[in-house]
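Note that the structure is a prediction, hence the values are computed from the model and not measured.
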Amino acid sequence: MAFEFRSVPAIHVETGAANKIVGLLPTHFAGQKRAFLVTDQVLLDLGVVDGALADLEENGFDVRVYSDVVPDPSDNVILAAAAKAKQFGADLVIGLGGGSSMDTAKLVAILANSDQPLESMYGVEQVTGVRLPLVLVPTTAGTGSEVTPISVVTVGETSKMGVSSSILYPDIAILDASLTLGLPAATTAATGIDAMVHAIEAYTSRLKKNPISDQLACTALQALHANIERVCTDGSDAEAREAMLLASMQAGQAFANAPVAAVHALAYPLGATFHVAHGLSNSLVLPSVLAFNADMASAAYAELAGVIGLPANGHALIDELTRIADSTGIETRLSQVGVTEHDLPQLAEDAMKIERLLVNNPKAMTYDAALACYQAVL
C-alpha cells in the first residue's frame with residue numbers, strides 16, 4: 001500500500017504548559033518578539049489567556065491580542081485579524097482557543113506575511129508564500145485543529161469554504177488540559193462527539209484511509225468513548241480531561257490524513273445558516289448519516305463498535321452514539337436549534353456543494369439522500 005502521512009513537527013502535552021509557553025517555543029524562534037495572540041472575548045474575560053499573556057510579557061514579548069473571533073469565523077473576521085497582525089508587525093502568531101480561534105490563527109499567519117488574496121487559497125494546496133511562525137493551543141477537546149492543515153471560513157451568509165494546505169500545520173501544538181477544566185457540560189459533550197466523528201469518518205474515508213490514520217482513529221475513539229460521559233458528569237476530572245484532549249488530537253491527526261466526509265458536509269450548512277456550533281452540528285446529523293452509510297461501511301462500523309467494547313455490528317455503534325448524545329443532554333433534533341421542514345431543501349442544496357468532503361464518503365451522497373438525512377433528525 002502506498003500512502004503519505006503528515007503531522008506537526010512537535011506536540012507538547014503537559015498540564016500548565018500554556019503558562020510557560022515561551023520555554024516551549026522551538027529554538028529557531030529565538031528572534032521573535034512580537035506575538036499576535038488570537039482568541040475570543042469569552043476566554044479573554046474568563047482569564048483563560050492570562051497565563052500565556054503573562055509568560056510572554058515577562059519574557060520580553062510585545063503582545064497584541066485579537067479577541068474578535070466568533071464561532072464559524074467569516075472571511076471578514078479573518079481579514080480584519082490579518083490586517084491588524086500586519087499593522088502590528090507580528091513575527092509570531094499564537095492561536096489559543098477553540099477551533100475557530102485556531103483556524104483564524106492559521107490564516108492570519110499566512111495572510112500577514114503574504115500578498116496572496118484569501119479567496120485564492122480556497123481548496124487543496126492553493127496557498128503560496130511563507131507563513132509566520134505558528135503556535136496552536138486548544139481549549140476544547142474536539143476540533144483537533146491544532147494538528148490539521150485545514151481552516152474553514154464562512155463566506156457570505158451561508159457558505160463555508162475550506163483552505164487545506166500543508167503550510168497551515170503549526171510549528172508546535174501545546175496541549176494543556178487545565179485550559180479545558182471550565183468547559184460547560186454541553187460544550188464538552190458536543191466537542192467530544194465532534195472528535196468521535198473525526199475518528200469515525202477518518203476510519204471510513206474512501207480515498208486516503210491508511211494504517212496509521214486507522215490506528216490513531218481507533219485509539220482516539222476508544223479514549224473518547226471511555227471518558228466523554230465521565231467529563232460531562234465531573235468537569236473538574238483532570239485525568240479524564242487530559243485523556244479527552246489527547247484523543248481529540250489523535251483524531252485530528254487521523255482526519256488530517258484521511259479526510260472527513262458526509263457528516264461534516266451536512267453539518268457545515270447548519271453552522272453557516274443557523275449558527276449552530278460545529279461540534280453540535282456534527283452530533284445532530286451523525287446518526288442519520290451513519291445509518292445512510294451503513295450498508296457500504298458495515299464492516300468498518302462493526303470494527304469500530306468492537307473497539308469500544310460493543311457487539312461487532314454497525315447498528316450497535318449508531319445506537320451507542322445516539323445514547324451518548326441523549327445521556328449528556330445536548331440537543332438531538334434539528335427542530336431544537338431552530339430548523340424547520342421548510343429549511344431542509346436549502347440545507348441539502350448547500351451540503352451538496354461541499355464536494356471536497358463528499359468525495360470521501362464511503363457511499364455516494366445525493367441531494368435526495370442528504371434531504372432524507374436531515375428529515376430523519378428533524
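Contact of the Leu280 side chain with the Leu284 side chain is registered, since non-hydrogen atoms from C-beta on lie closer than 4.5 Å. Residues Glu303 and Tyr203 have side chains in contact (heavy-atom distance under 4.5 Å, counting atoms from C-beta outward). Side-chain contact between Val22 and Phe29: absent, with no pair of heavy atoms (C-beta onward) separated by less than 4.5 Å. Using a 4.5 Å cut-off on side-chain heavy atoms (C-beta onward), Tyr374 and Pro345 make no contact. At a threshold of 4.5 Å between non-hydrogen side-chain atoms, the residues Leu168 and Ser151 count as touching. Contact annotation: the side chain of Leu245 approaches that of Pro138 to within less than 4.5 Å [non-hydrogen atoms, C-beta and beyond]. For the pair Phe88/Arg34, a side-chain contact is recorded, criterion being any heavy-atom separation below 4.5 Å from C-beta on. Leu321 has its side chain out of reach of Ile193: every pair of non-hydrogen atoms, C-beta onward, lies at least 4.5 Å apart.
No more than 12 heavy atoms of other residues, nucleotides or ligands shown are found within 6.0 angstrom of CD on Glu239. Environment of NE2 in His315: sparse, with no more than 12 heavy atoms of neighbouring residues, nucleotides or ligands closer than 6.0 Å. For CG of Asp115, the number of neighbouring non-hydrogen atoms (other residues, nucleotides, ligands) closer than 6.0 Å is 12 at most. Surrounding CZ of Arg6 are at most 12 heavy atoms belonging to other residues, nucleotides or ligands under 6.0 Å away. Within a 6.0 Å radius of CD in Gln126, more than 12 heavy atoms belonging to other residues, nucleotides or ligands are found. Within 6.0 Å of CE in Met296 there are 12 or fewer heavy atoms belonging to other residues, nucleotides or ligands.
Salt bridge present: Lys353 and Asp350 bring a charged side-chain N and a carboxylate O closer than 4.0 Å. A salt bridge links Arg131 with Asp171: at least one charged nitrogen is closer than 4.0 Å to a carboxylate oxygen.
If you check the side chains of Ser178 and Asp176, you find a donor sitting under 3.5 Å from an acceptor. Side-chain atoms of Gln253 and Asn257 form no donor-acceptor pair, as typed in the model, at a separation below 3.5 Å. No donor-acceptor contact under 3.5 angstrom links the side chains of Lys208 and Ser213, judged on distance only. Of the N and O atoms on the side chains of Ser145 and Asp103, at least one donor lies less than 3.5 Å from an acceptor on the other residue.
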Exercise. Between Lys33 and Asp91, does a salt bridge (Lys or Arg N to Asp or Glu O under 4.0 Å) hold up when you go through it step by step?
Worked result: CA-CA 7 Å; Lys33 285 298 179 182; Asp91 54 21; over 6 Å; no

Problem set entry | CA sep, side-chain torsions, deciding dist, call: Leu224, Ile228, side-chain contact (heavy atoms from CB on, under 4.5 Å) | CA-CA 6 Å; Leu224 291 163; Ile228 187 168; 5.6 Å; no

For this session: Run the numbers on His264 and Glu201 for side-chain contact (heavy atoms from CB on, under 4.5 Å), then give the verdict.
Result: CA-CA 9 Å; His264 277 71; Glu201 291 209 293; 2.8 Å; yes

For this session: Take Thr340 and Asp343 through the test side chain to side chain donor-acceptor pair (under 3.5 Å) and record every step on the way to the result.
Result: CA-CA 5 Å; Thr340 68; Asp343 300 313; 2.9 Å; yes

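Exactly one of Leu334, Thr273, Val276 qualifies for a side chain to side chain contact (heavy atoms under 4.5 Å, CB included) with Val339. That residue is Leu334. The side chain to side chain contact (heavy atoms under 4.5 Å, CB included) test with Arg241 is passed by exactly one of Asp234, Thr188, Asn227: Thr188.
Phe61 approaches Leu92 most closely through the heavy-atom pair CE2-CD2, 3.8 Å. When all heavy atoms are compared, the tightest approach of Ser101 to Val38 is O-CG1, 3.6 Å. Annotation for Ala265 and Leu357: closest pair N-CD1, 4.0 Å, computed over non-hydrogen atoms. Smallest separation of non-hydrogen atoms from Tyr169 and Ser7: CE2-CA, 3.9 Å. Taking each heavy atom of Ala220 and Ala247 in turn, the nearest pair found is CB-O, 3.3 Å. Minimum heavy-atom separation, Met1 to Pro211: SD-CD, 3.3 Å.
A donor-acceptor pair under 3.5 Å is formed between the side chain of Ser335 and the backbone N or O of Leu378. The backbone N or O of Ile324 sits less than 3.5 Å from a side-chain atom of Ser327, completing a donor-acceptor pair. Using a distance-only test at 3.5 Å, with no hydrogens or angles considered, no donor-acceptor pair links the side chain of Ser114 to the main chain of Leu111. For the pair Ser248 (side chain) and Met244 (backbone), a donor-acceptor distance under 3.5 Å is absent. Side-chain N or O atoms of Ser288 include one that pairs as donor or acceptor with a backbone N or O of Cys373 at under 3.5 Å. Listed for the Ser281 side chain is no donor-acceptor partner under 3.5 Å among the backbone atoms of Tyr268. Without hydrogens or angle criteria, Glu146 side chain to Ala173 main chain gives no donor-acceptor distance under 3.5 Å. In this structure a side-chain-to-backbone donor-acceptor pair under 3.5 Å is missing from Asn113 to Ala109. Side-chain atoms of Asn360 come within 3.5 Å of backbone atoms of Val260 as a donor-acceptor pair (strictly under, hydrogens ignored). In terms of modelled atom types and a separation under 3.5 Å, the side chain of Thr180 and the main chain of Ala177 share a donor-acceptor contact.
Here the straight-line distance linking atom CG of Leu44 with atom CG of Asp50 works out to 7.5 Å at 0.5 Å rounding. Note that OG1 of Thr148 is 3.0 Å distant from NZ of Lys106, once rounded to the nearest 0.5 Å. How far CG of Leu317 is from OG1 of Thr322: 9.0 Å, rounded to the nearest 0.5 Å. Put simply, CG on Leu304 and CG on Asp214 are 8.5 Å apart, with the number rounded to the nearest 0.5 Å. Atom CD1 of Ile110 and atom CD1 of Ile78 lie 13.5 Å apart (nearest 0.5 Å). Rounding to the nearest 0.5 Å places CE of Met121 at 12.5 Å from CG of Asp75.
Figure legend: cation-pi geometry between Lys363 and Phe292, with NZ or CZ positioned under 6.0 Å from the six-membered ring centre and within 45° of its axis.
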